[in-house]
Structure formats: structure tokens, C-alpha cells
Amino acid sequence: MTTLVQSVDWLAIAPPALTALVALALLVADLFLPEARKPLLGLGAVAGLALALLSLLPLLDGDRATFCVDGAGCGYRADHFALTVQLLVLGGALLTALLSFTAVREQRLPAGEYWFLLLSSAAGAALLPAARDLATLIVALEVATLPSFALVGLRHGERRSAEAALKFFLSSVTATAVTLLGTAFVYASTGSVHLDAIAAALGDVDPQLRTLARVGVVLTLVGFAFKTAAVPFHFWVPDTYTGAPLPVAAYLSVVGKAVGFSGLALVTVRAFPSYGNVWGPALAVLAALTMTIGNAAALRQDPTRPSSAVRLLAWSSVGQAGYLLVPLASAAYTDRPEHALGATLAYALMYAAVNLGSFAAVALLGPGRLADFRGLYARKPALALLLAFFLLCLAGLPPGLAGLFAKLAVFDAAIDAGLGWLAVVTAVNVAIALVYYLRWTATLFRAPPEPATDAPATDAPAARDLPAAGAGTVTAVREKAPAEAPPRRPLALVTALVLCGLLAVALSAAPQLILRLADTRLF
């Protein structure tokens with residue numbers, strides 16, 4: 001007899017639950033804190049995310065499950081796959097929080113709303129990889145996505161921010177509707193929402209329902225492909241990244257992708273293994289198109305265009321999404337799908353560290369043009385070296401060994417699955433990406449631009465604005481002008497940059513830390 005009364009394993013659900021509770025606490029605290037003490041909300045967000053990360057430690061000793069139904073399965077499982085993605089999501093959210101202190105203060109963002117939305121989205125993102133039924137999966141997906149709309153448009157009064165939020169919202173809502181329709185078709189075909197039960201039922205579905213099941217599988221994949229920014233569902237990325245506050249763009253590029261890829265992995269490998277002949281070729285084509293279009297667009301970025309640095313990172317993230325799709329597509333053609341998923345997770349961990357580091361470097365300098373980075377080494381050598389290291393990791397070149405070995409894991413997954421053509425396309429795109437990554441890296445070490453010496457006379461202090469006392473007065477005014485104070489370096493932003501640098505160096509010095517994922521059974 002099935003009972004509706006279920007016990008809850010609070011330890012298993014601690015990571016997303018703690019994040020959600022801290023988000024609510026910060027929203028309530030915002031009502032009572034005076035304006036001068038609003039920065040305490042950011043400290044509370046960082047502490048809450050650090051506590052959520054620590055709650056992963058007791059879960060490392062085994063596989064825990066909760067919200068179970070007799071004969072159907074469990075709705076939540078804290079297995080190796082879920083814990084790895086939760087580490088990526090919560091770690092990425094913590095680094096994003098450190099990036100956000102300066103943006104919240106300088107752009108006058110409403111602190112209470114910002115930290116509540118960021119942690120709410122992180123809670124949904126942490127819930128999703130542990131979801132083992134379609135209902136929990138969709139709820140987690142929307143909890144992770146809906147706050148992101150508001151975060152993108154949180155700069156009130158800015159037209160570009162509002163347009164980015166609207167574009168992101170409309171396209172995402174459409175994708176969600178498609179996903180819901182697909183999951184409804186899958187439920188109608190199988191009679192279950194639990195992923196394991198769906199996998200068993202799809203293997204022997206009623207012949208009259210096979211077309212419905214196949215359409216449901218395809219529509220579900222389309223919805224998750226949008227979340228990963230896969231082509232042709234990528235059009236929202238450049239405008240959204242440039243219109244959003246920079247920490248939000250960094251968050252979407254890492255945590256948003258982790259949400260899409262973990263959901264895609266669950267529905268394909270866990271729920272639809274018998275339909276690998278449907279989603280395998282589809283994901284392979286999506287991977288080839290995504291990496292090609294993303295890298296080609298990044299290659300064509302004009303360095304003198306406003307916000308071209310963020311736009312290049314946006315198109316680069318589309319290209320990187322293509323690399324992440326390669327192992328997922330390979331899982332349909334191999335007897336070791338867990339090995340393919342391990343390659344995706346290994347690449348995602350490397351990408352998260354170095355991409356957040358790249359955004360941190362851009363935030364420290366100012367999200368301007370690529371041309372503004374010329375001669376950065378002469379002005380700020382430490383920042384230039386760190387940014388160059390991040391770019392080399394993304395390119396997969398030494399000394400960025402983390403990126404090199406992560407790309408090798410992707411190649412290995414494609415070759416192991418017999419997808420030689422996809423491995424060739426990946427290799428060509430890696431070569432294309434080298435051009436714009438190395439071009440940006442070289443810009444950092446070029447000679448600084450010469451200061452303009454032929455400025456028009458109107459740019460200098462006008463003599464008519466000064467007392468008519470001759471040249472001596474002008475000289476005296478110039479001598480009395482106070483010297484410019486050196487720019488302050490925000491501690492939180494520098495901390496995020498250093499942490500990303502340490503992670504990238506650690507993964508490059510010991511790449512086995514991420515490659516071990518490719519040889520671990522994830523489910």
C-alpha cells in the first residue's frame with residue numbers, strides 16, 4: 001500500500017534549502033536595515049552560500065534519497081552527479097556574490113532585491129541536478145530562471161537593461177512552454193513523472209503512443225537547449241549579457257549553463273536512454289552548429305565597439321556551450337554514458353573557474369571596449385597576467401593546462417562514441433577560437449596607446465573662465481590643482497579574481513582533479 005506520508009532527509013536537501021532560507025532572511029532583513037547598513041546584506045549572502053557549500057561535505061560518504069514513492073522512485077537524490085553540479089553552482093554563485101559588491105554600490109542597485117533574487121536563483125539551480133522526477137525538474141528550472149529576468153533588468157531607468165530583460169524573458173517563457181508541452185506528452189505516453197519509471201516505460205511504450213512519446217522527447221530537449229544557449233536558441237545571449245549588470249552576466253554564463261546542461265543530462269541519459277537514436281544525432285548537430293556560430297561571431301567582434309569585451313565573452317560562452325554538448329551527444333552512442341557525462345562536468349568545472357575570472361578582470365578594469373585593454377601589462381601587470389592565463393585556459397593552450405586537458409576529455413568522449421566527424425568539427429573550432437583568444441592576449445602586452453597631444457583648445461581650461469591676470473594666473477591655478485588619488489581596488493572584487501586564479505592554477509597544476517570525473521560513475 002502506497003503511503004502519502006513521507007519522511008524528509010533534511011541533510012540531503014540542505015544545500016538548496018539553506019540557500020533558499022538565507023534568501024528569505026535577507027529579504028526580510030532588508031525591511032529593517034537602514035540604508036547605511038545595506039552592505040551587511042551582501043556579507044550575509046556570502047556567508048549563506050559558504051554555509052550551503054559546507055553542507056555538501058556530510059553528503060560525500062554516500063548516495064542519499066528522499067521524497068520517495070513506493071514502486072516509482074525518489075524525487076530527490078544526492079548522488080555524485082548532483083553533488084558535483086551543486087558544487088559548481090554554489091561555488092559560482094559565491095564568486096558572483098563577491099563580484100556583486102561593487103556593482104550593487106556603484107550602480108545603485110536595490111540591495112535587498114538583488115541579493116534575494118541571486119540566492120533564490122542559486123537555490124533553484126542547486127535543486128535541479130538532484131531532481132529525479134519531471135515535476136521537481138520543471139519547478140527547479142523555473143526557480144533558477146525567473147529571478148534571472150529581474151536581475152538582468154534591475155538597473156532601473158536604463159533602456160538597454162530593460163530591453164535585455166524583456167528579450168530574455170520572452171524567449172525563455174517560450175522555451176518553458178515548449179518544455180512543459182514536451183513533458184506533458186512524455187507523461188501521457190508513460191503514465192509516470194519519475195525519471196527511472198519513464199526510462200522503463202519508454203522502452204516498451206504502446207505502439208499507438210510512440211509518435212506522441214517521440215514528439216515529447218524532442219520538445220523537452222528544445223526547452224533545455226534554450227537554457228544552454230545552443231544554436232538556434234542563442235540569440236538572446238549577446239544583448240542580455242551586455243544589458244545586464246556585469247556580475248549577472250557572469251552568473252548566467254556559468255550557473256545558467258550548469259542548470260541547462262544538468263537538466264539536459266538528466267532527461268537524456270536518465271529518462272530517455274531508449275530514444276538515443278532521436279536525441280543523440282540532434283545534440284551532435286546542435287553541438288557542431290553552436291560551437292561554429294559562437295566562435296565565428298566572437299572572431300568578428302570589433303575591438304572599438306562599446307562593451308565589446310563583454311560581447312566577446314558572450315559569444316565565447318556560446319562557442320563553449322558547443323564543446324559542452326559534445327560529450328552529451330556522445331552518451332547516446334556508447335556503453336559508458338557516465339564517462340561522457342564526466343567529460344561534460346570536467347569541462348564545466350574548468351570553464352566556470354576561468355570564465356568567472358575573465359569577467360572579474362573585465363569588471364576590475366571596467367566593461368569597456370577590447371581596445372581599452374591595450375597595454376594593460378604596463379599599467380597593471382598582475383591583472384594582465386591573470387587575464388592572459390584565463391584566456392589561455394579557455395583557448396586550451398599551455399600554461400592553461402586545465403583547458404587543454406578538459407578539451408582532451410571532450411575529444412576522447414567523441415572518439416570513444418565513434419563520432420569522428422564531430423571530433424574534427426571540434427578541432428577546427430578550437431583552432432578558430434585560438435585566433436580571438438590570442439588576439440586579446442596579445443593586446444594586453446602591446447605598447448600602450450600614445451596620449452593625444454593635439455587636443456583642441458576648447459578641451460583645456462578656457463582663459464575666459466579665469467580672472468584676467470595673465471599667464472601667471474593660469475600657471476598658479478594648475479599648480480594648485482590637487483593630485484589625483486589612486487583608484488581604489490574593491491576588496492571583494494579582488495578576492496573573487498584571486499580565488500578564480502588560484503582555482504585555475506590548481507586545476508592546471510593537477511588536471512587529474514577534473515579528469516577523474518570522466519572515469520567516475522555518476523549515476
Side-chain angles (χ1 to χ4, degrees), residues 91-107 238 241-242 244-255 298 301 303 305-317 319-320 349-397 399-400 402-403 433 436-446 448-449 486-508:
L94 177 60
L95 291 171
T96 302
L98 292 174
L99 287 176
S100 300
F101 279 86
T102 304
V104 170
R105 182 181 68 251
E106 293 182 352
Q107 300 179 25
Y241 282 24
T242 53
L246 194 62
V248 176
Y251 177 83
L252 291 175
S253 73
V254 171
V255 178
Q301 290 304 303
R305 182 178 181 178
S307 300
S308 54
V310 177
R311 292 189 72 87
L312 187 144
L313 288 174
W315 282 113
S316 166
S317 73
Q320 298 286 344
L349 286 172
M350 179 282 303
Y351 170 75
V354 299
N355 204 61
L356 282 171
S358 301
F359 271 100
V362 171
L364 198 57
L365 186 65
R369 307 169 303 160
L370 286 167
D372 297 335
F373 287 80
R374 179 177 173 179
L376 181 62
Y377 181 75
R379 307 192 307 272
K380 299 179 179 179
L383 179 60
L385 289 173
L386 268 178
L387 179 56
F389 184 67
F390 294 141
L391 294 174
L392 291 176
C393 284
L394 289 171
L397 288 177
Y436 61 82
Y437 285 132
L438 291 179
R439 184 188 294 163
W440 191 356
T441 304
T443 301
L444 304 176
F445 299 95
R446 292 178 62 187
R488 239 176 61 184
R489 295 182 179 179
L491 178 61
L493 191 54
V494 172
T495 302
L497 182 64
V498 171
L499 286 176
C500 290
L502 290 176
L503 282 172
V505 170
L507 293 178
S508 294

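Fair warning: this is a prediction, and the values are worked out from it, not measured in the lab.
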How long is the gap from [atom1] on [X] to [atom2] on [Y], to the nearest 0.5 Å?
X	Y	atom1	atom2	result
R369	R311	CZ	CZ	15.5 Å
R446	F373	CZ	CZ	14.5 Å
K380	L364	NZ	CG	5.5 Å
M350	L503	CE	CG	12.5 Å

Is there a side-chain contact between [X] and [Y], using heavy atoms and a 4.5 Å cut-off?
X	Y	result
T441	F390	no
F101	P247	no
L387	L365	no
Y436	Q301	no
L394	S358	yes
P303	W440	no

Closest approach of [X] to [Y] (non-hydrogen atoms, all atoms of both residues):
X	Y	value
L444	A388	CD1-N, 3.8 Å
C500	L95	SG-CD1, 3.7 Å
A314	S317	O-OG, 2.6 Å
C393	G400	SG-CA, 3.5 Å
P399	F389	O-CE1, 3.4 Å
L493	A360	CD1-O, 4.2 Å

Chi angles and distances behind the side-chain contact (heavy atoms from CB on, under 4.5 Å) call for Y251, L99: CA-CA 10 Å; Y251 177 83; L99 287 176; over 6 Å; no
Parallel, tilted or perpendicular: rings of Y241 and F359 (30°, 60°):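 Ring orientation, 0 to 90° scale: perpendicular.
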Y377 atom OH, over 12 foreign heavy atoms within 6.0 Å: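 No, not enclosed.
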Derivation and outcome, side-chain contact (heavy atoms from CB on, under 4.5 Å), residues L499 and L94: CA-CA 11 Å; L499 286 176; L94 177 60; 6.0 Å; no
Candidate pair L383 and L497, rule side-chain contact (heavy atoms from CB on, under 4.5 Å), full reasoning: CA-CA 9 Å; L383 179 60; L497 182 64; 3.6 Å; yes
side-chain contact (heavy atoms from CB on, under 4.5 Å) assessment of L313 paired with V362: CA-CA 10 Å; L313 288 174; V362 171; 4.1 Å; yes
